[in-house]
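Below you'll find the structure, written out as structure tokens, and then a few comments.
Quantities reported herein were computed from a predicted structural model and do not represent experimental measurements. Position 1 is the first residue of the sequence, and the numbers go up from there.
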Amino acid sequence: DCRGGIASVELVEIAGYNVTLRNTSSIAADEIRLAIPYGRRKTATFDVHGTFEPGVDVQKSLRKTVGGGLYANESAQNTCTVQHVHFIDGTAWDKPEPKN
């Protein structure tokens, strides 16, 4: 689940999202990279650290400055895409590149 958006405060874009993550592998993860598109060709990325046990929902509040400008958007549903996952055994998963 991915809820939130981009707010513009004094010409600074601030991304604020509440996400629920679930590890569907059999190995605990310790880092997840998310990409959340917004506006025209912009993407907010977050590296989320913690312990993500298999099959357990973990809720995180994410917030950071993503740029300057006048853009503001808040929506009930966003597209959060997992780009990278690092597991505690040292292995990693990366989202495959789209095939042309």
Side-chain angles (χ1 to χ4, degrees):
D1 188 36
C2 181
R3 298 175 188 271
I6 305 294
S8 182
V9 179
E10 295 180 5
L11 303 179
V12 176
E13 292 174 347
I14 300 170
Y17 294 92
N18 292 316
V19 298
T20 302
L21 304 164
R22 179 182 295 154
N23 179 357
T24 60
S25 78
S26 60
I27 302 167
D30 57 5
E31 180 182 345
I32 299 172
R33 181 172 302 124
L34 296 174
I36 308 169
Y38 69 96
R40 299 181 113 164
R41 298 178 293 245
K42 292 185 177 185
T43 303
T45 58
F46 294 90
D47 288 330
V48 185
H49 299 271
T51 301
F52 304 95
E53 296 292 340
V56 177
D57 286 353
V58 176
Q59 296 179 341
K60 295 282 188 176
S61 293
L62 309 175
R63 180 182 161 96
K64 74 176 188 177
T65 300
V66 292
L70 299 174
Y71 189 82
N73 177 50
E74 181 107 12
S75 61
Q77 188 65 35
N78 297 281
T79 303
C80 289
T81 304
V82 176
Q83 299 290 312
H84 172 83
V85 179
H86 182 269
F87 297 97
I88 62 170
D89 67 356
T91 61
W93 173 88
D94 288 296
K95 181 180 176 191
E97 293 293 325
K99 296 180 181 180
N100 293 334

**Study point:** Rounded distance (nearest 0.5 Å) linking atom SG of C80 with atom CZ of R3
**Key:** 10.5 Å
Point to revise | Between D57 and T20, a side-chain donor and acceptor under 3.5 Å | key: no
Review point. Say you draw a straight line from NE2 of H49 to CZ of R33; how long is it, rounded to the nearest 0.5 Å?
Key: 8.5 Å
Review point. Applying the 4.5 Å side-chain criterion to the ILVMFWY set and letting contacts propagate, would I27 and L21 be lumped into a single cluster?
Key: yes
Practice item. Identify whether V19 and W93 are in the same connected component of the hydrophobic contact network (ILVMFWY, side-chain heavy atoms under 4.5 Å). Key: yes
Point to revise | Test side chain to side chain contact (heavy atoms under 4.5 Å, CB included) applied to H84 and I32, step by step | key: CA-CA 6 Å; H84 172 83; I32 299 172; over 6 Å; no
Exercise for review: Going by the side-chain contact (heavy atoms from CB on, under 4.5 Å) test, name the single residue among T43, T81, L62 that passes it with L34.
Suggested key: L62
Review point. Are the side chain of N23 and the backbone of F52 linked by a donor-acceptor contact shorter than 3.5 Å?
Key: yes
Practice item. Measure across F46 and R63 and return the closest heavy-atom pair with its distance rounded to 0.1 Å. Key: CE2-N, 3.9 Å
Exercise for review: Determine whether V56 and I88 fall in the same hydrophobic cluster, where Ile, Leu, Val, Met, Phe, Trp and Tyr are linked whenever their side-chain heavy atoms lie under 4.5 Å apart.
Suggested key: no
**Study point:** hydrophobic_cluster_shared for F87 and V82, side chain cutoff 4.5 Å
**Key:** yes
Check your understanding: Checking K42 side chain against I36 main chain: does a donor-acceptor pair fall under 3.5 Å?
Key -> no
Practice item. Measure the NZ-SG distance between K60 and C2 for me, rounded to the nearest 0.5 Å. Key: 15.0 Å
Exercise for review: Might you point out which heavy atoms bring S25 and P54 nearest each other, and give the distance in Å?
Suggested key: O-CB, 3.1 Å
